[in-house]
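Below: one structure, written as structure tokens.
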Amino acid sequence: MTRQKKPALVITFHATSQAMAAEELFRRAGLPGRMIPVPSQIAAGCGLAWKALPQERDALCTALDTAAVGHSGCFLLEMY
Amino acid sequence: MEKLIYLDNAATTLHKPPGVAEAVAQAILTAGNAARGAHGASMQASRTVYETRQKLARLLGCPRPDHVVFTSNSTMALNIAIQGLLSPSDHAITTDLEHNSVLRPLYALQALGMGLDFVRADRQGRIRFEDFAPLFRPNTRAVVCTHASNLTGDMPDVARIAEIAHAHGALLILDASQTAGTMPVDMTALGVDVLCFTGHKGLMGPQGTGGLCIRPGVDIRPLLRGGSGVHSFEREQPRDYPTRLEAGTLNSHGIAGLDAAADYLLEAGVEAICQKEQALMRRFYEGVRHIDGVTVYGDFTAKHRAAIVSLNICDWDSAEVSDVLYADYGIATRPGAHCAPRLHEALGTVRQGAVRFSFSVFNSEDEADMAIQAVKELAQSK
């Protein structure tokens, strides 16, 4: 079976501690998604990013802003 | 020998809270490399490290968990703070109370041209707050000061020192090796800019853990540069704390143990732990202070001091006293010089050293009483 790409929301962070703060925030708020390695489409290298469905963008970004948890970007990608 | 009476807690706490050893073992069996991937094992390590930052920030009054930086011990933390904030063109002020982990990095900078002045201790090992003010110069960059002497347990008035340092545009770097976990410490309330701690003493975690708590806005140059788990193609170390000062793989196994210890401290309450340790220290002090031939060092009139009592018996070599205490009574103490050369000079104990008794929350009144009896018998035998 061939894998199909699907739209995905990817939130990136400046530092791992920001990613961990975001994960804790999302888990506590019951918001969906999970940590993934930063896709090379966004940045070559390494680090953590939060992947969720595109329709969760507002909820996730609002939660980050409200809790003053920093992040470096919010992207819509086609991912496997 | 029936049972070891461990009174060397200022060197390292031997009795750890329940769960610390298990947490280390569990981490060794299951944790990956923190901040090096998104798979379960790596994320588990990353979560543990982050949660430990949060707990330590609460315990030490650090405004932000991401400004809690992990190192392998206090010495490394102090080297990072001192070498990362001071330059040869600067001037620094420190005290006679300091440990070599403060003195040697400062001496190394002094050898490169940095100005360095000392607040002197008297024959009882006391320093006077009034002696700080005349030492400031226009280029004084930092005051580096212990929160409690590892030799006498005496505590400088850190809040006032922070105030005078800031009034002169200088930072306060605090060595909290002997106080973190043993008494309430709030770096923000005290006005501390950088607090350096070790994980294996009062915090009761494993050896190989320690760190810095940094006030937001304080800009420390990295001492080490290397792998960070982020920004791999940048030539410079990432600027954000804690990554800026954490090059290389963290000791996440040890940090897992420190995390369990922090749980214990938060649950038991540092204030309650402090009260018990202080009571044991005062009990021991009252029991030995009037014994003929015993000299106790430090200021016991002060309300706040670490749970440390250092003494000598007549002119008896402290190494021999400590050895007899262990061999004949099963009491573990620390003799000799305590990596605090200037304070030994002030106390006049360069040759003799001193026998240090240091208490933990896991010691008992019976143990303190047995130590008093042992000192009494040794003093009578001379």
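Atoms considered below: every heavy atom in the structure, side chains included; atoms not considered: hydrogens, waters and symmetry mates. Order of the sequence lines fixes the chain letters, A, B, ..., with proteins taken first and strands second; residue numbering starts at 1 for each chain.
- Here the closest non-hydrogen pair linking B:R244 and B:Q237 is O-CG, 3.3 Å.
- Geometrically, B:R47 does not engage B:Y50 in a cation-pi contact defined by less than 6.0 Å to the ring centre and at most 45° from the axis.
- Contact annotation for B:E234: neither backbone nor side-chain heavy atoms come within less than 4.5 Å of a heavy atom of chain A.
- For the 3.5 Å distance criterion, the side chains of B:T249 and B:N33 qualify, holding a donor opposite an acceptor.
- At a 4.5 Å heavy-atom cutoff, the contact between A:E24 and chain B is made by side-chain atoms alone.
- For a residue to count as touching a neighbouring chain, one of its non-hydrogen atoms must lie under 4.5 Å from one of that chain's; by this rule B:T243 touches chain A with the side chain only.
- Residue with the most contacts toward chain B among A:A19, A:P37, A:A21: A:A21 (heavy-atom pairs, distance under 4.5 Å).
- A 4.5 Å side-chain heavy-atom check between B:T71 and B:L212 finds at least one atom pair inside the cut-off.
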